[in-house]
Student: 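Sharing a structure here in structure tokens format.
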Amino acid sequence: EVQLVESGGGLVQAGGSLRLSCAASGFTFDDYAIGWFRQAPGKEREGVSCISSSDGMTYYADSVKGRFTISSDNAKNTVYLQMNSLKPEDTAVYYCVADRSSCFNRFDHWGPGTQVTVSS
């Protein structure tokens, strides 16, 4: 069974940091690009960041450049999103997405999401 499980969300004050993890199982991790989407009430779903497990190519949305860093540990089948200098507008449910071709292309698998709340 294909599974993506997010962890690391929570409540943090503005300016603080969180690290999200996406643990993958049930498919060949090295063949996929793994990304993060976020969805806030009343706002458009946004592709935040993505990494290719094979070559390490990364993508960042303009809204998070310089603050967020994505990385992967292929031995653990896990992708991390380090989030620094968090702002209230970063508040959203964050979803891990696995794509077997390239970043934000096929959207083959989704995790259940983890809540990130940033207080003023």
Side-chain angles (χ1 to χ4, degrees):
E1 180 182 355
V2 173
Q3 285 192 327
L4 297 172
V5 180
E6 303 97 337
S7 61
L11 175 64
V12 65
Q13 292 183 333
S17 298
L18 288 172
R19 189 179 75 162
L20 304 184
S21 299
C22 173
S25 62
F27 61 94
T28 304
F29 184 82
D30 293 348
D31 293 339
Y32 282 73
I34 308 295
W36 293 91
F37 267 83
R38 65 186 181 186
Q39 179 75 64
K43 293 186 177 181
E44 195 81 9
R45 185 177 63 185
E46 179 183 24
V48 177
S49 186
C50 185
I51 187 169
S52 170
S53 298
S54 59
D55 60 15
M57 294 289 292
T58 59
Y59 163 85
Y60 297 96
D62 288 342
S63 57
V64 305
K65 285 182 179 177
R67 300 189 297 120
F68 292 9
T69 303
I70 193 167
S71 62
S72 64
D73 186 338
N74 289 3
K76 296 182 177 181
N77 289 351
T78 301
V79 168
Y80 306 95
L81 185 67
Q82 179 66 47
M83 306 186 296
N84 298 326
S85 301
L86 283 163
K87 305 174 181 179
E89 50 262 46
D90 294 318
T91 296
V93 177
Y94 284 71
Y95 298 92
C96 182
V97 183
D99 195 308
R100 72 181 304 154
S101 59
S102 59
C103 287
F104 304 136
N105 189 14
R106 289 172 53 89
F107 310 103
D108 294 288
H109 307 291
W110 293 75
T114 185
Q115 177 71 47
V116 172
T117 302
V118 184
S119 62
S120 301

Student: Ring centroids only, cut at 6.0 angstrom: are F37 and W110 within range, meaning strictly under it?
Tutor: yes
Student: Can you tell me how far the CG atom of L81 sits from the OG1 atom of T114, to the nearest 0.5 Å?
Tutor: 11.5 Å
Student: D90: which residues meet the salt bridge (Lys or Arg N to Asp or Glu O under 4.0 Å) condition with it, sequence neighbours left out?
Tutor: R38, R67
Student: Shortest non-hydrogen contact from L4 to H109?
Tutor: CD1-O, 3.5 Å
Student: May I ask you to test the Y32-F27 pair for a side-chain heavy-atom distance under 4.5 Å?
Tutor: yes
Student: Mind listing the closest non-hydrogen atom pair of F104 and G47 along with its distance?
Tutor: CZ-CA, 3.9 Å
Student: Nearest heavy-atom pair of G8 and L18: which atoms, and what distance?
Tutor: O-CD2, 3.8 Å
Student: Rounded to the nearest 0.5 Å, what separates atom CG in N77 from atom CG in D30?
Tutor: 7.5 Å
Student: Sub-3.5 Å donor-acceptor pair from the side chain of S49 to the main-chain atoms of I70, do we have one?
Tutor: no
Student: Measuring from atom OG of S102 to atom CE of M57, what distance do you get when rounded to the nearest 0.5 angstrom?
Tutor: 11.0 Å
Student: Could you measure the distance from the OG atom of S72 to the CD1 atom of I34? Nearest 0.5 Å is fine.
Tutor: 9.0 Å
Student: Let's go through W36 and Y95 carefully: what are the C-alpha distance in whole Å and the side-chain angles of both, what is the deciding distance for side-chain contact (heavy atoms from CB on, under 4.5 Å) to 0.1 Å, and is it a yes or a no?
Tutor: CA-CA 6 Å; W36 293 91; Y95 298 92; over 6 Å; no
Student: Using modelled atom types only, decide if a donor and an acceptor are shared between the side chain of N84 and the backbone of S17 within a distance under 3.5 Å.
Tutor: no
Student: So does T78 get a backbone contact from the side chain of D73, meaning a donor-acceptor N/O pair under 3.5 Å?
Tutor: no
Student: Of the non-hydrogen atoms in Q39 and K43, which two are nearest, and what is the gap between them?
Tutor: NE2-O, 2.5 Å
Student: Under 4.5 Å between any side-chain heavy atoms of V116 and L20, yes or no?
Tutor: yes
Student: Do E46 and S63 have side-chain heavy atoms sitting under 4.5 Å apart?
Tutor: yes
Student: If you compare all heavy atoms of A24 against all heavy atoms of F29, which two are closest, and at what distance to 0.1 Å?
Tutor: CB-CD1, 3.8 Å
Student: For E6 and C96, indicate whether the former's side chain and the latter's backbone hold a donor-acceptor pair under 3.5 Å.
Tutor: yes
Student: What distance separates S120 OG from E89 CD, expressed to the nearest 0.5 Å?
Tutor: 9.0 Å
Student: The test is ring pair (Phe, Tyr, Trp, His ring centres under 6.0 Å); show your working for F68 and Y60 and say whether it passes.
Tutor: CA-CA 8 Å; F68 292 9; Y60 297 96; 8.3 Å; no
Student: Answer yes if V12 and V48 sit in the same cluster of Ile, Leu, Val, Met, Phe, Trp and Tyr residues linked by side chain heavy atoms under 4.5 Å apart, and no otherwise.
Tutor: yes
Student: Look only at the side chain of D99 and the backbone of R106, and say whether a donor-acceptor pair between them is shorter than 3.5 Å.
Tutor: yes
Student: For S7, is there any backbone N or O sitting under 3.5 Å from a side-chain donor or acceptor partner on Y94?
Tutor: no
Student: With sequence neighbours left out, write down each residue that passes salt bridge (Lys or Arg N to Asp or Glu O under 4.0 Å) with D55, or none if nothing qualifies.
Tutor: none
Student: Supply the atom-to-atom distance D31 CG to R100 CZ, rounded to the nearest 0.5 angstrom.
Tutor: 7.5 Å
